[in-house]
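Let me begin by presenting the structure, written as structure tokens, before commenting on it.
All figures in this text were calculated on a predicted structure; none of them were measured in a lab.
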Amino acid sequence: KKKEEMSTLVAPKDFSPVADAEAIKKACQGWGTDERAIISVLGHRNMFQKRLIRLAYEEIYHEDLIGQLQSELSGHFERAVCHWILDPADRDAVFAHSALKKATPDHRVIIELACLKSPEELLGIRRAYKFRYRRSLEEDVAAHATGEVRKILVALASAYRYDGDDIDKETVKSEASIIRDEIRGNAFNHEELIRILSTRSKAQLNSTFNHYRDIHGTSITKGLSGDPANEHLAGLLRTAIRCIKDPKKYLAKVLRTAVSAVATDKDALARVIVTCAEKDLVEIKELFFKRNSTSLEEAVANNTSGDFRSFLLTLLGSEDI
């Protein structure tokens, strides 16, 4: 399917970066900020258009658009808008940094970035991270994890997999049985599974996952469920497998978990919508609806409020709910 058909973003063909920059500046002047005006411009611009608006803004006002918006807006709305304006690799670098800086680091975000992105995209994120924070992604990941968890995170974050469709059938068989032995033996460290997950191509891994299921009648993720001694590591391994196996289904589940939590996980909700609105959010919305018998728009409308709610609904392609 064409990219436009998978995107929920509604962006005009013709636009003027100068007019947009002026409209945003006007929204930031005088008493209070006109948030609706900001949403009506930025909520309808694609990556290429946003890039030009930033350049025009800088040229006309000698200010950085993101800096201006950070001083005018606040809370989850400000973060979502500023993340939305960034180029994808830079945005993901910011997501990684924020996840690691939490009181309890959110290792799941690192797994997502490492396993959902293509090898080239992950390389771009690592480059953007180094440029922005003057440290490598791997060294910050290593500093915010220990033991076997550190091993899987660093291995995945620094991977540069083969990206083609070639599959080695013999390796599929041997590695499916290596994983089986490791799970059966209740291996504490899952050394082989970490090696396989962080080095093999996605096509090779999916073939291995399928072979494992065919031979053993159960999935690897199910096998990893009975691991109470090391639940955090097992949970991250399951996340990595789900991201590689079915990225859209995984993201639909992240959204479902975010809106069904006692306190809505607004960070996760915004992260998926902002990241996928220009890519494949149409399919993710369909999967969400199938599993929850309620639309993603309704879930967002019921679990968020104010400008944050309006902005996310705009990115979902439905403003008036």
Item to complete: Please step through salt bridge (charged side-chain N to carboxylate O under 4.0 Å, His left out) for the pair Lys151 and Glu148, ending with a clear verdict.
Response: CA-CA 5 Å; Lys151 211 175 269 182; Glu148 299 308 315; 3.7 Å; yes

Item to complete: Check the pair Glu120, Leu123 against side-chain contact (heavy atoms from CB on, under 4.5 Å), reporting the backbone distance first and the verdict last.
Response: CA-CA 5 Å; Glu120 293 303 329; Leu123 208 54; 4.0 Å; yes

Discussion item. Let's go through Lys279 and Met6 carefully: what are the C-alpha distance in whole Å and the side-chain angles of both, what is the deciding distance for side-chain contact (heavy atoms from CB on, under 4.5 Å) to 0.1 Å, and is it a yes or a no?
Written reply: CA-CA 6 Å; Lys279 283 173 29 187; Met6 308 316 313; over 6 Å; no

Discussion item. Using side-chain hydrogen bond (donor to acceptor under 3.5 Å, both in side chains), reason through Glu138 and Ser158 one step at a time and then give a plain yes or no.
Written reply: CA-CA 6 Å; Glu138 302 89 296; Ser158 50; 5.1 Å; no

Fill in: side-chain contact (heavy atoms from CB on, under 4.5 Å) evaluation trace for Ile196 with Glu182
CA-CA 12 Å; Ile196 293 163; Glu182 200 169 67; over 6 Å; no

Discussion item. With side-chain contact (heavy atoms from CB on, under 4.5 Å) as the criterion, how do Glu112 and Tyr250 come out once you've worked through the C-alpha distance, each side chain's angles and the decisive distance to 0.1 Å?
Written reply: CA-CA 9 Å; Glu112 277 178 28; Tyr250 171 79; 3.0 Å; yes

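Here the straight-line distance linking atom CG of Leu237 with atom CG of Leu224 works out to 6.0 Å at 0.5 Å rounding. Taken from CD in Gln49 to CG in Asp14, the straight-line distance is 9.5 Å, to the nearest 0.5 Å. Atom CG in Leu113 sits 5.0 Å away from atom CD1 in Ile125 (nearest 0.5 Å). Taking CD of Glu22 as the reference point, atom CD1 of Ile53 lies at 12.0 Å (rounded to 0.5 Å). Rounding to the nearest 0.5 angstrom, the gap separating the CG atom in Leu116 from the OG1 atom in Thr275 is 9.5 Å. In this structure, His44 NE2 and Phe15 CZ are separated by 14.0 Å, a value rounded to the nearest 0.5 Å.
Under a 4.0 Å N-O distance rule, the pair Asp87/Lys50 does not qualify as a salt bridge. For Arg195 and Glu192, the salt-bridge test passes: some basic side-chain N is under 4.0 Å from an acidic carboxylate O. The pair Glu286-Lys290 does not meet the salt-bridge criterion, since no charged nitrogen lies less than 4.0 angstrom from a carboxylate oxygen. One finds no salt bridge joining Asp34 and Lys26 here, because no Lys/Arg side-chain nitrogen approaches an Asp/Glu carboxylate oxygen to under 4.0 Å.
The environment of Lys253 atom NZ is sparse: at most 12 non-hydrogen atoms of other residues, nucleotides or ligands sit within 6.0 angstrom. More than 12 non-hydrogen atoms from other residues, nucleotides or ligands lie less than 6.0 angstrom from NZ of Lys25. The neighbour count for Glu121 CD, taken as heavy atoms of other residues, nucleotides or ligands under 6.0 Å away, is above 12. For Lys248, the NZ atom is loosely surrounded, since the number of other residues' heavy atoms within 6.0 Å does not exceed 12. Applying the 6.0 Å contact sphere to CG of Asp165 captures no more than 12 heavy atoms from other residues, nucleotides or ligands. Residue-environment remark: CD (Glu139) exceeds the threshold of 12 foreign heavy atoms within 6.0 Å. Within a 6.0 Å sphere centred on NZ of Lys117, heavy atoms belonging to other residues, nucleotides or ligands number more than 12. Summarising the local packing, CZ of Arg135 is surrounded by more than 12 heavy atoms from other residues, nucleotides or ligands at distances under 6.0 Å.
Nearest heavy-atom pair, Ser7 versus Leu9, reported as atom, atom and distance to 0.1 Å: OG-N, 3.1 Å. Here the closest heavy-atom approach between residue Thr294 and residue Glu298 is recorded as OG1-CB, 3.6 Å. Across Asp90 and Arg132, no two heavy atoms sit closer than the pair OD1-NE, 2.9 Å. Looking at every heavy atom in both residues, Ser198 comes nearest to Ala159 through O-CB, 3.3 Å. Here the closest non-hydrogen pair linking Arg309 and Thr304 is CB-OG1, 3.2 Å. For the pair Thr171 and Arg200, the tightest heavy-atom approach, listed with the atom from each and the gap, is CG2-NH2, 3.6 Å.
Taking the ring axis of Phe131 as reference, the NZ or CZ atom of Arg134 stays within 45° of it and closer than 6.0 Å to the ring centre.
The side-chain heavy atoms of Leu69 and Leu42, taken from C-beta on, include a pair separated by under 4.5 Å. Inter-residue side-chain proximity for Val109 and His97 is flagged as unmet; no heavy-atom pair is nearer than 4.5 Å. Residues Tyr212 and Val172 fail the side-chain proximity criterion, which asks for heavy atoms closer than 4.5 Å. Under the 4.5 Å side-chain criterion, counting only non-hydrogen atoms from C-beta, Val259 is in contact with Leu269. Leu316 places a side-chain heavy atom less than 4.5 Å from the side chain of Ile273. At a threshold of 4.5 Å between non-hydrogen side-chain atoms, the residues Lys102 and Asp267 count as touching. Here the side chains of Ile66 and Arg54 are in contact, with some heavy-atom distance below 4.5 Å. The shortest distance between side-chain heavy atoms of Asp20 and Tyr57 does not fall below 4.5 Å.
Between the Ser310 side chain and the Gly306 main chain, a donor and an acceptor come within less than 3.5 Å of each other. Judged by distance alone, the side chain of Ser207 and the main-chain N or O of Ala203 form no donor-acceptor pair under 3.5 Å. Here the side chain of Ser177 pairs a donor or acceptor atom with the backbone of Ser174 at under 3.5 angstrom. Here the side chain of Lys202 pairs a donor or acceptor atom with the backbone of Cys115 at under 3.5 angstrom. Checked by atom type and distance alone, the side chain of Arg238 never pairs as donor or acceptor with a backbone atom of Thr221 at under 3.5 Å.
Below 30°, between 30° and 60°, or above 60°: for His107 and His232 the angle between ring planes is between 30° and 60°, a tilted geometry. Using cut-offs of 30° and 60° for the angle between ring planes, the Phe308 and His76 rings count as tilted.
By the criterion of side-chain heavy atoms lying less than 4.5 angstrom apart, applied directly or through intervening Ile, Leu, Val, Met, Phe, Trp or Tyr residues, Leu137 is grouped together with Ile111 in one hydrophobic cluster. One hydrophobic cluster, built from ILVMFWY side chains closer than 4.5 Å, holds both Ile152 and Val141. Residue Ile220 is not grouped with residue Ile167 when hydrophobic side chains (ILVMFWY) are merged at heavy-atom distances under 4.5 angstrom, including chains of intermediate members. Cluster annotation: Leu205 is connected to Ile241 through the hydrophobic network of ILVMFWY side chains, with a link wherever side-chain heavy atoms come within less than 4.5 Å. Tracing side-chain contacts under 4.5 Å through hydrophobic residues (I, L, V, M, F, W, Y), one reaches Leu52 starting from Ile24; they form part of the same cluster.
Remark: the Glu72 side chain and the Thr33 side chain contain an N/O donor-acceptor pair separated by less than 3.5 Å.
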